[in-house]
S.K.: 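I'd like to ask you about the structure that follows.
Convention: sequence-line order gives letters A, B, ...; per-chain numbering from 1.
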Amino acid sequence: MSLISQIQEQVLEGIREEYKLELSPNQVVINPTRKDVEGDLTLVVFPFVKMLKKSPQMIGEFIGEMLMNKLDLIDKYDLLGGFLNIHLKDGFWNERLRDIYQNEHFGVHPKTGKKILVEFSSPNTNKPLHLGHIRNILLGWSASKIAEAAGHEVIKTQIINDRGIAVCKSMLAWQKFSDGETPQSSGIKSDHFVGKYYVIFDQKLREEYGNWQDSAKAKEVYQSFKKEGEDIDKFFKRYKNNYFNEYSALGAEATTMLEAWEENDTEVRALWQKMNQWVYDGFESTYVNLGVNFDCLYYESDTYTLGKDIIEEGLSKSIFYKKEDGSVWIDLEDKKLDHKLVLRSNGTSVYMTQDIGTANKRFKDHGVDAMVYVVGDEQDYHFKVLFEILKAMDEPYTEGLYHLSYGMIDLPTGKMKSREGTVVDADDLMAEVIEEARLGAADRGILEELSVEEQNEVFSQIGMGALKYFILKVGPKKRMVFDPKDSVDMQGQTGPYIQNAVVRINSILRKLENWNFDLFQEYSEPLEAEKNLIKHIHQYPDLVLAADAERDPSILASFAYELAKDFHKFYHDVRIIKAESEMAKAYRVVLCTAVKDVLTKAMDLLGIEMPKRM
RNA sequence: GGUCUCGUAGCUCAGCUGGAUAGAGCAGCUCACUUCUAAUGAGCAGGUCUCAGGUUCGAAUCCUGACGGGAUCACCA
């Protein structure tokens with residue numbers, strides 16, 4: 001039981017005995033004492049004033065005395081206004097430090113027996129990964145690591161959107177315009193190579209569309225479909241998708257190719273496999289550089305027909321209803337959502353159908369207790385509907401469904417738009433931050449004794465640390481602005497700042513010649529700065545649970561920063577190797593080691609590695 | 001237009017289920033390396049927490065409304 005809940009219990013019991021009043025733990029508000037006030041924990045007395053009809057002073061005295069008598073770990077208390085500040089005994093903190101130092105599983109919670117599937121990344125196979133994917137991947141990875149630390153078994157997965165009209169666009173463009181060029185022959189990274197043809201398709205389509213706009217047919221279309229007062233340019237901008245479907249030769253070819261794919265045409269399938277393999281090879285190196293991997297994969301080409309049987313089942317149970325045209329719908333008005341299509345009138349699936357089927361398949365495959373979908377917030381509505389449908393179907397896993405929704409990333413110049421070429425490419429971005437780390441290190445010339453390989457490893461750890469921290473420090477739900485200049489920053493609240501704290505500790509431990517662990521026990525009056533660090537570290541296991549419950553890595557990002565900050569200050573103010581006594585030295589070595597271990601663990605849950613030196 | 005979401009310092013962000021004087025970083029201005037790594041530390045300056053009501057001992061936090069961003073409302077994925 002955590003310290004705070006232990007005290008809460010005691011307060012409840014005390015009030016029960018004295019006042020015959022039954023309260024719940026969340027009515028007893030206990031916070032860490034604010035920095036500028038003496039004490040360790042603060043109990044807010046105000047809520048009791050009304051309930052007990054006594055003055056804050058009297059209640060505070062009562063609770064303070066009662067806690068002093070019942071709990072051995074309390075040194076003293078004082079009352080400031082309606083706030084009861086509790087001081088814990090130094091011995092208490094020293095014991096905590098020893099526990100933390102000796103427990104290599106500190107912050108790793110006992111197994112819960114729960115199995116969680118986390119889906120993230122889930123790219124389309126027509127273009128390379130970009131900054132948006134990076135946020136998704138970092139969140140998914142971190143949420144997975146946090147869930148593991150919270151004691152759950154985690155299966156990391158992604159659904160690869162490897163089929164559909166977008167994929168056919170790249171394929172068709174390559175077939176028509178490449179002259180047989182390959183990633184090997186062109187020297188372009190293979191996923192970028194495929195992306196290039198996706199862009200080419202769009203260019204050719206636009207050319208074709210532009211020419212068509214001068215035709216008589218186009219004029220006719222404009223006249224009959226334009227909105228009141230809409231000028232011709234605006235109209236054609238809006239009409240592009242219709243053009244693609246109804247008039248475009250390229251559009252027709254792509255659609256034909258999609259149909260051929262669905263009919264298992266050998267040639268089309270062979271092309272599809274070849275180009276998708278290029279994409280997968282490219283993705284793989286991006287994933288390796290990001291330091292992530294998956295336990296299992298789902299492919300949309302396998303799952304896109306799933307779900308129809310469940311729709312049938314739902315129809316027979318009257319969860320869905322059929323319209324006259326044969327299309328199938330669900331009415332979610334009582335859930336404050338509207339009617340939603342789950343099967344087209346021609347009997348084919350929509351996105352929702354697949355997702356229903358895929359959820360069931362995953363449950364059958366893995367028997368999971370929970371499924372987490374890391375998907376951008378533009379799909380909030382989709383997931384609300386999906387989860388409601390699964391609940392209506394009374395699937396056994398619906399309690400554990402969670403949409404880890406995150407906000408889009410904006411650039412300082414505005415939104416990322418693939419059409420306008422403002423999308424930040426994942427590989428380019430990583431190369432940039434690593435290069436920046438290299439330049440920073442070159443200035444300082446501190447890595448010279450390392451081999452080239454070791455140096456490269458460090459550059460990559462620092463650069464990626466900066467990038468990952470920059471993204472993960474922001475709460476997932478928040479739309480964030482990504483300024484490339486700031487993202488390579490390595491000072492202040494950044495990944496490298498935290499890494500640097502650990503590197504400084506490494507340096508101390510390297511230079512340390514002898515010290516005696518037994519003397520640690522004899523250092524009985526720790527400094528405020530030392531107690532501060534212990535208090536800080538002590539919170540870590542609870543924060544892992546909080547980060548898991550909220551599915552919010554930024555909780556740990558803030559924690560690591562605050563701890564590193566306290567350590568940097570401590571390092572500046574207090575001698576460690578040349579401490580005033582052997583006892584103090586032993587104590588501080590233990591403390592530094594604990595700080596280093598906890599920082600390393602917290603950052604590991606964010607997917608950030610610690611360099612040996614920097 | 002309906003629904004959802006966000007609005008905190010010049011900029012990027014913290015601020016837990018309501019609690020003490022709203023915090024960091026960046027940018028700006030000072031200062032500190034013969035010391036265990038200055039990718040650091042200390043300081044100055046920077047705020048009507050978008051606005052208006054309400055709930056209460058107490059509101060950046062909860063409720064209502066307005067304003068301003070964003071998302072979404074396809075037999076697209």
S.K.: Can you check whether Y406(A) has a side-chain N or O nearer than 4.0 Å to OP1 or OP2 of C6(B)?
M.R.: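 No.
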
S.K.: Give me the distance, rounded to whole Å, that separates G2(B) from G18(B) when you measure between the P atoms they each carry.
M.R.: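 Nearest-Å result for G2(B) against G18(B) at atom P: 30 Å.
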
S.K.: So which of residues 333-341 of chain A are in contact with RNA chain B, with a heavy-atom cut-off of under 4.0 Å?
M.R.: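 The answer is D338(A), L341(A).
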
S.K.: When the distance from CG of N245(A) to P of A74(B) is rounded to whole Å, what number comes out?
M.R.: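 One finds 17 Å between P of A74(B) and CG of N245(A), rounded.
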
S.K.: Do the rings of Y304(A) and W261(A) sit parallel, tilted or perpendicular, given the 30° and 60° boundaries?
M.R.: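 Geometry flag for W261(A) against Y304(A): tilted rings.
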
S.K.: Please work out if Y351(A) contacts a base, only the sugar-phosphate, or nothing of the nucleic acid, heavy-atom cut-off 4.0 Å.
M.R.: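 Y351(A): base contact, heavy atoms under 4.0 Å.
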
S.K.: Closest approach to the side chain of T42(A), judged atom by atom: which nucleotide of A20(B), A74(B), U40(B) is it?
M.R.: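 In terms of side-chain proximity for T42(A), the closest of A20(B), A74(B), U40(B) is A20(B).
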
S.K.: Taking the nucleotide of RNA chain B with the nearest heavy atom to each, does N85(A) or E436(A) sit closer to the 5' end?
M.R.: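 Result: N85(A).
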
S.K.: With a 3.5 Å cut-off and no angle check, do the side chains of E38(A) and H87(A) form a donor-acceptor pair?
M.R.: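 Short answer, no.
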
S.K.: Side chains of N31(A) and T42(A): any donor to acceptor distance under 3.5 Å?
M.R.: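 No pair is found: no donor N or O on one side chain lies under 3.5 Å from an acceptor on the other.
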
S.K.: Please check if atom NZ in K612(A) has more than 12 non-hydrogen atoms from other residues, nucleotides or ligands closer than 6.0 Å.
M.R.: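 Atom NZ in K612(A) is not crowded, with 12 or fewer foreign heavy atoms closer than 6.0 Å.
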
S.K.: Using a heavy-atom cut-off of under 4.0 Å over every strand shown, decide if D377(A) touches base, sugar-phosphate, or nothing.
M.R.: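 Sugar-phosphate only.
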
S.K.: Ring stacking, F83(A) with base of G19(B), under 5.5 Å and under 30°?
M.R.: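 Stack criterion not met.
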
S.K.: Taking atom C1' in both A27(B) and G19(B), compute the distance separating them and give it to the nearest angstrom.
M.R.: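 Looking at atom C1' only, A27(B) and G19(B) are 33 Å apart.
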
S.K.: Closest to the E378(A) side chain: U72(B), G19(B), C36(B)?
M.R.: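 Selected nucleotide: U72(B).
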
S.K.: Take the angle between the ring planes of H133(A) and H130(A) and call it parallel below 30°, perpendicular above 60°, tilted in between.
M.R.: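 Ring orientation, 0 to 90° scale: tilted.
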
S.K.: Which one, G41(B), A77(B), C36(B), comes nearest to the side chain of I576(A)?
M.R.: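 It is C36(B).
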
S.K.: Among the candidates A38(B), U72(B), G19(B), find the nucleotide nearest to the side-chain atoms of V44(A).
M.R.: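 Among A38(B), U72(B), G19(B), the one nearest the side chain of V44(A) is G19(B).
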
S.K.: Parallel, tilted or perpendicular: which one describes the rings of Y239(A) and F225(A), with boundaries at 30° and 60°?
M.R.: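 If you compare the ring of Y239(A) with that of F225(A), the planes turn out parallel.
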
S.K.: Looking at E454(A) and R613(A), is any side-chain nitrogen of the basic one under 4.0 Å from a carboxylate oxygen of the acidic one?
M.R.: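 Looking at R613(A) and E454(A), the cut-off is not met.
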
S.K.: So what does the secondary structure string of RNA chain B come out as, 5' to 3', with Watson-Crick or wobble pairs under 3.5 angstrom, [ ] for crossing and | for pairs with another strand?
M.R.: (((((((..((((.....[...)))).(((((.......))))).....(((((..]....))))))))))))....

S.K.: Can you check the distance between U5(B) and A9(B), where both ends of the measurement are the P atom (answer in whole Å)?
M.R.: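 Rounded to whole Å, the distance is 22 Å.
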
S.K.: Would you say a side-chain N or O of R588(A) is under 4.0 Å from OP1 or OP2 of C36(B)?
M.R.: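 No.
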
S.K.: In whole Å, I'd like the distance from the CZ atom of R34(A) to the C1' atom of C16(B).
M.R.: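 Whole-Å distance recorded here is 16 Å.
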
S.K.: Of all the choices, A77(B), A20(B), G25(B), which nucleotide is nearest to the side chain of R344(A) once you look at every atom?
M.R.: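 That would be A77(B).
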
S.K.: If you look at every strand shown and take non-hydrogen atoms under 4.0 Å, does E300(A) touch a base, only sugar-phosphate, or nothing?
M.R.: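 Sugar-phosphate: the residue E300(A), judged by heavy atoms under 4.0 Å, touches backbone atoms but no base.
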
S.K.: Between Y561(A) (OH) and C26(B) (C1'), how many Å, whole number?
M.R.: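 Nearest whole value for this atom pair: 10 Å.
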
S.K.: Does R504(A) make a side-chain N or O approach to OP1 or OP2 of A38(B) shorter than 4.0 Å?
M.R.: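 Answer yes for this pair, as a side-chain N or O of R504(A) is under 4.0 Å from OP1 or OP2.
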
S.K.: When rounded to the nearest Å, what value does the distance between C1' atoms of A38(B) and C31(B) take?
M.R.: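 Roughly 13 Å separates the two C1' atoms.
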
S.K.: Specify the separation, in whole Å, of atom OH of Y587(A) and atom P of C36(B).
M.R.: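 Checked: the OH to P distance equals 24 Å.
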
S.K.: For A441(A), answer base if it contacts any base atom (sugar-phosphate contacts may also be present), sugar-phosphate if it contacts only those atoms, and nothing otherwise; contact means non-hydrogen atoms under 4.0 Å.
M.R.: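 Since a base atom lies under 4.0 Å of A441(A), the category is base.
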
S.K.: Name the residue closer to the 5' end of RNA chain B, choosing between N31(A) and E562(A) according to the nucleotide with the nearest heavy atom.
M.R.: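 Its nearest nucleotide lies further toward 5', so the answer is N31(A).
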
S.K.: Can you confirm whether Q461(A) sits close enough to M610(A) that some side-chain heavy atom of one is under 4.5 Å from a side-chain heavy atom of the other?
M.R.: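 Heavy-atom side-chain distance check fails, nothing below 4.5 Å.
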
S.K.: Write down the distance separating the C1' atoms in U17(B) and G53(B), rounded off to the nearest Å.
M.R.: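 Their C1' atoms lie roughly 25 Å apart.
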
S.K.: Whether K565(A) contacts G25(B) is assessed here as follows: a side-chain N or O lying under 4.0 Å from the phosphate OP1 or OP2. Is that the case?
M.R.: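 Yes, because at least one side-chain N or O of K565(A) sits under 4.0 Å from OP1 or OP2 of G25(B).
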
S.K.: For G65(B) versus C57(B), give the span between their C1' atoms, rounded off to a whole number of Å.
M.R.: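 Between the two C1' atoms, the distance is 26 Å.
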
S.K.: Which nucleotide sits closest to the side chain of Q491(A): U40(B), A38(B), A77(B)?
M.R.: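 Given the options U40(B), A38(B), A77(B), the side chain of Q491(A) is closest to U40(B).
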
S.K.: Expressed as a whole number of angstroms, how long is the span from M490(A):CE to A27(B):P?
M.R.: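 About 14 Å, once rounded to whole Å.
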
S.K.: Can you name the ring-ring contact (aromatic ring centres under 6.0 Å, His included) partners of Y469(A), sequence neighbours left out?
M.R.: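 Testing Y469(A) for ring-ring contact (aromatic ring centres under 6.0 Å, His included), a comparison that skips the adjacent residues, returns none.
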
S.K.: Name all residues meeting the salt bridge (Lys or Arg N to Asp or Glu O under 4.0 Å) criterion together with K596(A); count only those two or more places apart in sequence or in a different chain, and write none if there are none.
M.R.: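 Applying salt bridge (Lys or Arg N to Asp or Glu O under 4.0 Å) to K596(A) gives none.
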
S.K.: Closest approach to the side chain of L80(A), judged atom by atom: which nucleotide of A24(B), A20(B), C36(B) is it?
M.R.: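 Nearest listed nucleotide: A20(B).
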
S.K.: On a whole-Å scale, what distance lies between the P atoms belonging to G46(B) and A24(B)?
M.R.: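 15 Å, rounded to whole Å.
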
S.K.: What is the distance, to the nearest angstrom, from the CG atom on D489(A) to the P atom on A24(B)?
M.R.: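 About 18 Å, once rounded to whole Å.
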
S.K.: Given the C1' atoms of C49(B) and C4(B), what is the spacing between them in whole Å?
M.R.: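 Straight-line distance between the two C1' atoms is 23 Å.
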
S.K.: Taking the basic N atoms (NZ, or NE/NH1/NH2) and the acidic carboxylate oxygens, is any pair closer than 4.0 Å for D40(A) and K535(A)?
M.R.: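 Yes, this pair counts.
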
S.K.: Show each protein N/O and nucleotides 10-15 of chain B N/O combination with a separation under 3.5 Å, one pair to a line.
M.R.:
{"unit_1": "C13(B)", "atom_1": "OP1", "unit_2": "V481(A)", "atom_2": "N", "d": "2.7"}
{"unit_1": "A14(B)", "atom_1": "OP1", "unit_2": "G475(A)", "atom_2": "N", "d": "2.8"}
{"unit_1": "A14(B)", "atom_1": "OP2", "unit_2": "K478(A)", "atom_2": "NZ", "d": "2.9"}

S.K.: Can you check the E262(A) CD to A77(B) C1' distance for me, whole Å?
M.R.: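 Spelled out: CD on E262(A) to C1' on A77(B) is 13 Å.
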
S.K.: Could you give the CD1-to-P distance, from I471(A) to G25(B), as a whole number of Å?
M.R.: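 About 22 Å, once rounded to whole Å.
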
S.K.: Run the salt-bridge test on K485(A) and D489(A) with the 4.0 Å N-O cut-off and return the result as yes or no.
M.R.: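 D489(A) and K485(A): not salt-bridged.
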
S.K.: Using the ring of each side chain (for Trp, its six-membered ring), is Y561(A) parallel, tilted or perpendicular to Y497(A), with breaks at 30° and 60°?
M.R.: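 The arrangement is tilted - the two ring planes meet at 30° to 60°.
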
S.K.: Look at E435(A) together with R438(A) and state whether they make a salt bridge at an N to O cut-off of under 4.0 Å.
M.R.: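 Salt bridge present between E435(A) and R438(A).
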
S.K.: Do V45(A) and F83(A) come within less than 4.5 Å of each other through their side chains, counting heavy atoms only?
M.R.: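 A side-chain contact under 4.5 Å is absent here.
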
S.K.: Below 3.5 Å between N/O atoms, which protein atoms pair up with nucleotides 56-65 of chain B? Just atom names and distances, please.
M.R.:
{"unit_1": "C57(B)", "atom_1": "OP1", "unit_2": "K50(A)", "atom_2": "NZ", "d": "2.6"}

S.K.: Do S301(A) and D162(A) have a side chain donor and acceptor closer than 3.5 Å?
M.R.: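 Yes, side-chain donor-acceptor contact under 3.5 Å.
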
S.K.: With the threshold set at 4.0 Å, does a side-chain nitrogen-carboxylate oxygen contact exist between D202(A) and K240(A)?
M.R.: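 Looking at K240(A) together with D202(A), the answer is yes, because their closest N to O distance falls below 4.0 Å.
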
S.K.: Mind checking if I462(A) touches a base, just sugar-phosphate, or nothing, with heavy atoms under 4.0 Å?
M.R.: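 Base contact.
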
S.K.: Identify whether any heavy atom of D566(A) sits under 4.0 Å from a base atom; if not, whether one sits that close to sugar-phosphate; answer base, sugar-phosphate or nothing.
M.R.: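 Here D566(A) touches no strand at all.
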
S.K.: Does the distance from a Lys or Arg side-chain N to an Asp or Glu carboxylate O, for E580(A) and R588(A), drop under 4.0 Å?
M.R.: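 The answer is yes: the pair qualifies as a salt bridge.
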
